[in-house]
Amino acid sequence: CLMAARCGGDWPRSSIRRSLEHLDEVERLAPHFGKVYTLKATAHYFLGMSGYAPSMASFSASRREGRRALRDDETDPGAHTVLGWIAMAFEWDWGESLYRFERAMALNPSNHFVYSGLAFLHALSGRMDEALTVAEQGVEVDPNNPPTHHNFGQMQFFRREYDDAL
């Protein structure tokens with residue numbers, strides 16, 4: 001898993017594909033290690049979102065792996081997070097997405113990926129005040145992580161707070 005995480009850190013296509021190869025090997029050696037399915041779900045999600053693979057196939061694989069992870073461990077916040085993103089970005093099932101993000105946040109309130117997802121969900125739903133609040137909470141939870149600041153700036157931009165978004 002460490003090798004897969006190391007390869008996937010940059011998220012270029014070749015790194016994600018190498019990560020999936022390593023994760024397939026982990027799955028072969030330890031099929032009951034639930035985290036492998038969460039990592040595979042995340043890798044498939046990024047393949048689709050990055051345009052590196054057809055969205056339908058990538059998101060379907062992500063959903064399948066995320067659900068497999070939850071069969072092994074219903075309290076896996078990473079699986080809930082990636083399933084929240086899939087429900088929002090692919091299935092447009094905002095109720096399911098909200099449930100998954102809230103569940104993930106309750107299980108691990110320090111994961112910036114959850115705050116980003118929930119902020120985008122609120123923005124898509126027209127709840128801009130909530131979107132900005134959640135994005136700001138993401139910055140507070142993980143202030144040294146550039147994506148949290150990027151997400152906060154996006155929410156300010158969506159609210160037409162252009163000067164603040166810079």
Task: Gap between atom CG of Leu23 and atom CD1 of Ile16 - 0.5 Å precision - done: 11.5 Å
Open item on the list: Any carboxylate oxygen within less than 4.0 angstrom of a Lys/Arg side-chain nitrogen, looking at Lys40 and Asp24?
Closed with: yes
Open item on the list: Side chains of His149 and Val139, heavy atoms from C-beta outward: is any pair under 4.5 Å?
Closed with: yes
Open item on the list: Do Phe90 and Arg63 have side chains that approach each other closer than 4.5 Å (heavy atoms only, starting at C-beta)?
Closed with: yes
- [ ] Output the distance between atom CG (Leu107) and atom OG1 (Thr75), rounded to the nearest 0.5 Å.
- [x] 6.0 Å
Open item on the list: Would you say the ring centers of Phe113 and Phe46 fall short of 6.0 Å from each other?
Closed with: yes
Task: Residue pair Leu20 / His44, side-chain heavy-atom distance below 4.5 Å - done: yes
Open item on the list: Assigning hydrophobic clusters by single linkage (Ile, Leu, Val, Met, Phe, Trp, Tyr; side-chain heavy-atom cutoff under 4.5 Å), is Leu47 placed with Met56?
Closed with: yes
Task: Closest approach of Ser97 to Met88 (non-hydrogen atoms, all atoms of both residues) - done: OG-CB, 3.3 Å
Open item on the list: Is the shortest side-chain heavy-atom distance between Asp76 and His80 below 4.5 Å?
Closed with: no
Open item on the list: Please say yes or no: joined through hydrophobic side-chain contacts below 4.5 Å, possibly via intermediate residues, are Leu70 and Tyr99 part of one cluster?
Closed with: no
Task: Validation row: Asn111, Thr81 side chains within 4.5 angstrom (heavy atoms) - done: yes
- [ ] Flag the pair Arg17 and Glu21 as a salt bridge only when some basic side-chain nitrogen lies within less than 4.0 angstrom of an acidic carboxylate oxygen.
- [x] no
Task: Salt bridge flag under 4.0 Å for residues Arg159 and Asp164 - done: no
Open item on the list: Looking at every heavy atom in both Ala165 and Gln156, which two are closest together, and how far apart are they?
Closed with: CA-OE1, 3.5 Å
- [ ] Might you point out which heavy atoms bring Ala135 and Asn151 nearest each other, and give the distance in Å?
- [x] CB-ND2, 3.7 Å
Open item on the list: Quick check: do Ser15 and Arg18 have side-chain heavy atoms less than 4.5 Å from each other?
Closed with: yes
Task: Ser125 side chain to Leu121 backbone, donor-acceptor under 3.5 Å - done: yes
- [ ] Would you give the length of the straight line joining atom CD of Glu91 to atom CG of Leu83, rounded to the nearest 0.5 angstrom?
- [x] 8.0 Å
Task: Exercise: identify the closest heavy-atom pair between Val114 and Ala104 - done: CG2-CB, 3.8 Å
Open item on the list: On a heavy-atom basis, which atom in Gly66 and which in Ala41 lie closest, and how many Å separate them?
Closed with: N-CB, 3.5 Å
TODO: With the side chain counted from C-beta on, respond yes when Arg67 and Tyr37 share a heavy-atom pair under 4.5 Å apart, and no when they do not.
DONE: no
Open item on the list: Is there a side-chain contact between Tyr115 and Thr148 in this structure, where contact means two heavy atoms from C-beta onward sitting under 4.5 Å apart?
Closed with: no
Task: Atom pair CE/CH2 of Met49 and Trp85 - distance to nearest 0.5 Å - done: 7.0 Å
- [ ] Using the side chain to side chain contact (heavy atoms under 4.5 Å, CB included) rule, take Arg160 and Tyr162 through it: C-alpha gap first, then chi angles, then the decisive distance, then the call.
- [x] CA-CA 5 Å; Arg160 296 187 170 101; Tyr162 302 120; 3.2 Å; yes
Task: Steps toward side chain to side chain contact (heavy atoms under 4.5 Å, CB included) verdict (His122, Asp129) - done: CA-CA 8 Å; His122 286 316; Asp129 291 340; over 6 Å; no
Task: Inter-residue atom distance Arg68.CZ - Glu65.CD, 0.5 Å rounding - done: 8.0 Å
Task: Nearest heavy atoms of Ser110 and Val141, plus distance in Å - done: CA-CG1, 3.3 Å
Task: Under-4.0 Å salt bridge between Glu74 and Arg103 - done: yes
TODO: Look at the side chain of Thr38 and the backbone N and O of Gly78, then say whether any donor-acceptor pair between them is shorter than 3.5 Å.
DONE: no
Open item on the list: Within this structure, what is the CG-CE distance for the pair Leu118 and Met105, rounded to the nearest 0.5 Å?
Closed with: 5.0 Å
